[in-house]
Q: 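After the structure tokens below, expect a handful of questions from me.
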Amino acid sequence: MKFSVFEVLKSASQRLAAEKIENPRLDAEILLAHVLKCRRLQLYVDSDKILPLESVFRFNELINRRLERIPTAYLIGAKEFFGLSFAVNENVLIPRPETEILAEFVGEFLRSRGGGKFLDLGAGSGAISVSILKFVKNSRAIAVDISEKALEVAKFNAKKFHVDERAEFFCGDLFFPVEGKIFDAIVSNPPYIPTNDLKTLQSEVKREPQLALDGGIDGLSFYRLIISGAKKFLVDGGVLAVEIGFNQSSAVKNLFEQEKFVEIEIFKDLAGIERVVIGRN
Ligand SMILES: C[S@@+](CC[C@H](N)C(=O)[O-])C[C@H]1O[C@@H](n2cnc3c(N)ncnc32)[C@H](O)[C@@H]1O
């Protein structure tokens, strides 16, 4: 039997669609490009090309695992964030495009000051801190995560993008590892899903670490700890910037107000959802 690129993509997309996998064609293309070690665009150029049987088998294996609802990013071990291809595995949250506005805001803030030192609380894959370090040359970061395995991924990504000499990594609970240190900015995309909502999540999201998702009973536990603890770690005029979940903006803004942050602002993501809250010390 001989199979062309066109044929394997068509049949895989149909199998994924039949199981109601979102974006079946896109996922099939990403997985085939991964097997063939080429860009997605090349699949169109090579549409009639006959594939070696070994590639067809490897591709089918990946499609079978995708049908088990393993996210595509875990299957290929990578996810694009801020134009960079971050290494990911099942120990880290898969970076989301909406988080880019958080990284962008903090990056721009530091750039406007000619650089500076920032803290990334709950660093996960390092998507936020590594992107900021990459785009703001005179910046330095401390990345904290409670998961040692997540930090391994963040360290790998810092090396991959040649910013590891400007980054330190600490395993621990929120501010504990940085006691006595001061930052120009603190950034965090903390776990923010209310515990009871975890069971209603898409099967793919349930494959991500619970530690990265569970925001306590009302989803706000980490905001209370981060916003009430942040001031003593910020320089005068420094900023705290956090990502928020759906419908959390007014509760989080209140917490910023209670702690006497000033110039509090809320930013929306591209879908028009309030996604980032910032406040200045
Ligand atoms: C929503 S994920 C964000 C990951 C990454 N910053 C991103 O935006 O893609 C939250 C991260 O917080 C970490 N985390 C959970 N509880 C923590 C705690 N008490 N102290 C530090 N990090 C924690 C999790 O391990 C996870 O990596």
Side-chain angles (χ1 to χ4, degrees), residues 71 73-74 78-107 118-134 141-158 161 163 167-179 181 185-195 197-198 201-202 204-217 219-230 233 240-246 248 252 267 269 275-277:
Y74 288 159
K79 177 71 185 180
E80 187 108 345
F81 183 85
F82 233 88
L84 305 171
S85 178
F86 278 85
V88 295
N89 63 28
E90 63 288 342
N91 296 310
V92 296
L93 185 95
I94 299 166
R96 306 294 204 268
E98 54 269 26
T99 304
E100 290 180 3
I101 57 167
L102 180 65
E104 192 177 346
F105 172 82
V106 176
F118 69 96
L119 170 65
D120 179 7
L121 286 177
S125 64
I128 298 172
S129 35
V130 170
S131 305
I132 296 172
L133 289 168
K134 182 85 188 154
I142 291 187
V144 171
D145 205 289
I146 202 150
S147 157
E148 188 71 68
K149 286 184 172 167
L151 277 181
E152 279 169 26
V153 178
K155 284 180 199 168
F156 179 90
N157 282 317
F161 296 111
V163 297
E168 287 177 87
F169 300 88
F170 292 118
C171 187
D173 187 7
L174 296 179
F175 294 106
F176 275 94
V178 296
E179 200 53 57
K181 296 187 173 14
I186 299 174
V187 61
S188 185
N189 174 18
Y192 56 62
I193 296 173
T195 307
D197 293 357
L198 291 173
L201 293 173
Q202 233 192 352
E204 279 83 349
V205 183
K206 284 186 189 155
R207 298 252 179 197
E208 296 184 82
Q210 171 125 350
L211 205 52
L213 302 170
D214 189 349
I217 289 176
L220 300 171
S221 299
F222 283 91
Y223 300 112
R224 291 191 188 92
L225 295 168
I226 292 172
I227 298 167
S228 66
F233 297 95
L240 169 64
V242 296
E243 177 167 323
I244 54 167
F246 189 64
Q248 291 178 327
V252 173
F267 294 102
D269 64 19
R275 188 58 73 185
V276 167
V277 183

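For the numbers below, each heavy atom of this structure counts, side chains included, while hydrogens, waters and symmetry mates do not. Just follow the structure's listing: the first ligand is 1, and inside any ligand the first atom is 1.
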Q: Sequence neighbours left out, what pairs pass salt bridge (Lys or Arg N to Asp or Glu O under 4.0 Å) with at least one residue falling in residues 144-155?
A: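 Counting only pairs at least two positions apart or across chains, no salt bridge (Lys or Arg N to Asp or Glu O under 4.0 Å) contact touches residues 144-155.
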Q: I'd like a table of the close N/O pairs between ligand 1 and the protein (anything under 3.5 Å), one pair per line with both atom names and the distance.
A:
from     : atom 1 : to     : atom 2 : distance (Å)
ligand 1 : 6 (N)  : Gly122 : O      : 2.8
ligand 1 : 6 (N)  : Ala123 : O      : 3.3
ligand 1 : 8 (O)  : Asn189 : ND2    : 2.8
ligand 1 : 19 (N) : Asp173 : OD1    : 2.7
ligand 1 : 20 (N) : Gly172 : O      : 3.4
ligand 1 : 20 (N) : Leu174 : N      : 2.9
ligand 1 : 22 (N) : Ile146 : N      : 3.2
ligand 1 : 25 (O) : Asp145 : OD1    : 2.6
ligand 1 : 27 (O) : Asp145 : OD2    : 2.6

Q: So, using side chain to side chain donor-acceptor pair (under 3.5 Å) as the criterion, who are the partners of Arg96 when residues are at least two apart?
A: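 Checked Arg96 against side chain to side chain donor-acceptor pair (under 3.5 Å); matches are Glu208.
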Q: Going from CD on Gln210 to OG1 on Thr195, what distance comes out if it is rounded to the nearest 0.5 angstrom?
A: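 Separation between the atoms: 8.0 Å.
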Q: If you count every heavy atom of other residues, nucleotides or ligands that lies below 6.0 Å from Phe267 atom CZ, does the total exceed 12?
A: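 Result for CZ/Phe267: enclosed.
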Q: Identify, with sequence neighbours excluded, every residue that meets side chain to side chain donor-acceptor pair (under 3.5 Å) alongside Thr99.
A: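 Side chain to side chain donor-acceptor pair (under 3.5 Å) list for Thr99, sorted by chain: Glu243.
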Q: What is the distance from atom CD1 of Ile227 to atom CD1 of Ile186, rounded to the nearest 0.5 Å?
A: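 CD1 of Ile186 is found 11.0 Å from CD1 of Ile227.
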